[in-house]
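Values below: all heavy atoms of this structure, side chains included; hydrogens, waters and symmetry mates excluded. Numbering of ligands and ligand atoms starts at 1, following listing order. Positions are given from 1, in the same order as the sequence printed here.
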Amino acid sequence: MIGRPDPFTGADPAAAAGVDPVRRAELARRLAVIEERIAAAARAAGRDPAGLTLIAVSKTYPAEDVVMLRTLGARQFAENREQEAGPKVTMVTRQLEQSRGDPTVGGGGGPGGAGVASGGTPGGSDLTWHFVGQLQRNKARSVLRWADWVQSVDRSGLVGVLSRLAVERGRPLSICLQVSLDLRSDFGRRVGSVVADSGRGGADPAELPALADLVDGAPGLTLRGVMAVAPRGEPARPAFERLRAVAERLVVDHPQATVISAGMSGDLEAAVAEGATHLRIGTALFGERPGVP
Ligand SMILES: *Cc1c(COP(=O)(O)O)cnc(C)c1O
C-alpha cells in the first residue's frame with residue numbers, strides 16, 4: 001500500500017511526504033532480512049519469535065531513517081550519544097507530528113511482525129527510545145528529556161540522579177543494568193592489577209545484586225533486566241551464556257526484571273540461543289556506519 005502511486009496524478013505519496021523511495025526500499029529489505037534471521041534463530045532455539053523485541057540502533061543515521069523505519073513497523077530505537085540523540089529525537093517527533101494523518105508516514109504505521117514489538121510513549125509519538133551509551137551524570141538531565149529506557153546503568157553513582165530526574169519529569173524510566181562480560185577485567189581485579197578498560201562498559205557481575213537492589217528501591221525507576229555487549233576477541237556464545245546465568249540470578253530477587261538485552265548485528269543468533277529478549281541491531285538494518293570506529 002505504502003508508496004503506491006496516486007491513481008489520478010501518478011505521484012508517489014511517499015516521495016511527496018519527503019521520503020526517499022530508494023532508501024525506504026533498502027530499509028524494508030534489510031528489515032525483512034533481520035526479521036527472518038531473528039525468526040530462524042528463535043526456531044533453532046525452540047523459542048517463540050513473539051518473545052523477541054527488535055531495537056533499531058539508529059546512531060549516526062538521520063531522523064528520516066527513523067521515520068521511514070517506523071512506517072515499516074519498527075517502534076523501538078536506541079541511541080548511544082546524547083549530543084546526537086537529543087536533536088534527532090526532536091526532529092523525529094516533529095516530522096511525525098507534521099505528517100499526522102498522512103498514512104505513508106504518520107497514523108497507524110506498519111503491521112509489525114516477528115521481532116518488532118510495540119511500546120508507546122505517553123504524550124509525543126508512539127516510539128520507545130533507549131539510551132545504550134556510556135552515561136555521565138552531567139548528561140543525565142538531557143538524556144531523560146527523550147529516553148524511555150537507560151540500558152547502560154553500570155554503577156551506583158548514576159542511580160540517585162536518574163531517580164530524581166525521572167520523578168521530576170513525572171514519567172518512569174526503565175532501567176537495564178549493563179553487565180561486563182569481559183573475563184579479563186575479572187581476572188585483573190583478582191590479581192589486583194589495573195587492566196586496560198575494554199571500552200565496552202558494564203558492572204562486574206559480583207556488583208550486580210547490590211546495584212539491582214538500589215535501582216529497585218529508587219522512586220521513578222523500573223528495573224527491567226540486564227544489558228551486555230559481547231567482548232571482543234572471544235566467541236559470543238559463551239559470553240552470552242555467562243550473561244544468562246547473571247540474569248537468572250537477578251530474576252530470583254527481582255521477578256519483574258526479565259529483560260536480557262543482548263545481541264547485535266554480528267551475534268544475534270548466539271544471543272537468541274542464550275535467552276536474549278531484546279536485540280539491538282544497527283548496521284544490519286541501516287548499513288555500515290561511515291567513519292565510525
Ligand atoms: C552500536 C551499538 C549496537 C548495534 O551494533 P551493530 O553491530 O551496528 O548492530 C548495539 N548496542 C550498543 C550498545 C551499541 O553501541
Side-chain angles (χ1 to χ4, degrees), residues 26-27 29-38 40-41 52-62 65-66 69 74-86 88-89 115-117 128-136 139-140 143 146-155 158 174-182 185 197-203 224-237 239-240 243 246-247 259-293:
E26 183 190 354
L27 290 174
R29 182 179 53 76
R30 288 178 173 278
L31 179 61
V33 169
I34 277 293
E35 291 192 332
E36 181 42 43
R37 269 179 72 187
I38 294 172
L52 300 171
T53 300
L54 171 63
I55 301 174
V57 183
S58 47
K59 66 187 185 198
T60 76
Y61 288 95
D65 276 3
V66 173
L69 211 51
R75 289 293 180 275
Q76 312 242 357
F77 292 87
E79 290 284 333
N80 74 333
R81 286 198 189 89
E82 157 49 30
Q83 302 90 303
E84 178 191 348
K88 189 188 296 183
V89 175
V116 185
T128 299
W129 288 96
H130 301 254
F131 182 76
V132 298
Q134 301 228 13
L135 185 59
Q136 286 133 22
K139 296 284 165 55
V143 168
W146 55 268
D148 305 291
W149 291 55
V150 170
Q151 295 202 5
S152 43
V153 172
D154 62 357
R155 57 193 190 280
L158 291 170
S174 290
I175 300 287
C176 285
L177 305 178
Q178 185 177 351
V179 181
S180 169
L181 300 178
D182 198 333
S185 67
D197 183 5
S198 66
R200 306 204 134 187
R224 296 297 193 129
V226 293
M227 185 274 262
V229 178
R232 282 183 247 266
E234 74 163 295
R237 178 96 189 243
F240 289 145
L243 179 65
V246 169
V259 167
I260 302 179
S261 173
M264 316 199 312
S265 296
D267 56 24
L268 77 85
E269 285 81 5
V272 170
E274 294 298 342
T277 62
H278 288 59
L279 307 164
R280 307 180 312 271
I281 308 297
T283 50
L285 267 179
F286 294 101
E288 288 300 322
R289 288 181 287 272
V292 174

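- Ranking protein heavy atoms by distance to atom 15 (O) of ligand 1, first place goes to Lys59 NZ, 2.7 Å.
- In summary, the atoms of ligand 1 found under 4.0 Å from a heavy atom of Ile281, numbered by their order in the structure, are 9 (O).
- Contact check for Arg289 versus Thr283: side-chain heavy atoms found under the 4.5 Å cut-off.
- Using cut-offs of 30° and 60° on the angle between ring planes, the pair Trp129 and Trp146 is perpendicular.
- Ligand 1 has a nitrogen or oxygen under 3.5 angstrom from a nitrogen or oxygen of Gly282.
- Between Gln151 and ligand 1 there is no heavy-atom distance shorter than 4.0 Å.
- In this structure, the side chain of Arg280 engages the main chain of Ser261 through a donor-acceptor pair within 3.5 Å.
- Under 4.0 Å is where a charged nitrogen must lie from a carboxylate oxygen, and between Lys59 and Glu84 no such pair does.
- In this structure, the side chain of Ser152 engages the main chain of Gly133 through a donor-acceptor pair within 3.5 Å.
- For the pair Leu31/Leu285, a side-chain contact is recorded, criterion being any heavy-atom separation below 4.5 Å from C-beta on.
- Nearest to atom 12 (C) of ligand 1 among the protein's heavy atoms is Arg280 NE, 3.8 Å.
- The closest heavy-atom contact to atom 10 (C) of ligand 1, among the options Gln178, Met264, His130, comes from Met264.
- The protein non-hydrogen atom at the shortest distance from atom 9 (O) of ligand 1 is Ser265 OG, 2.5 Å.
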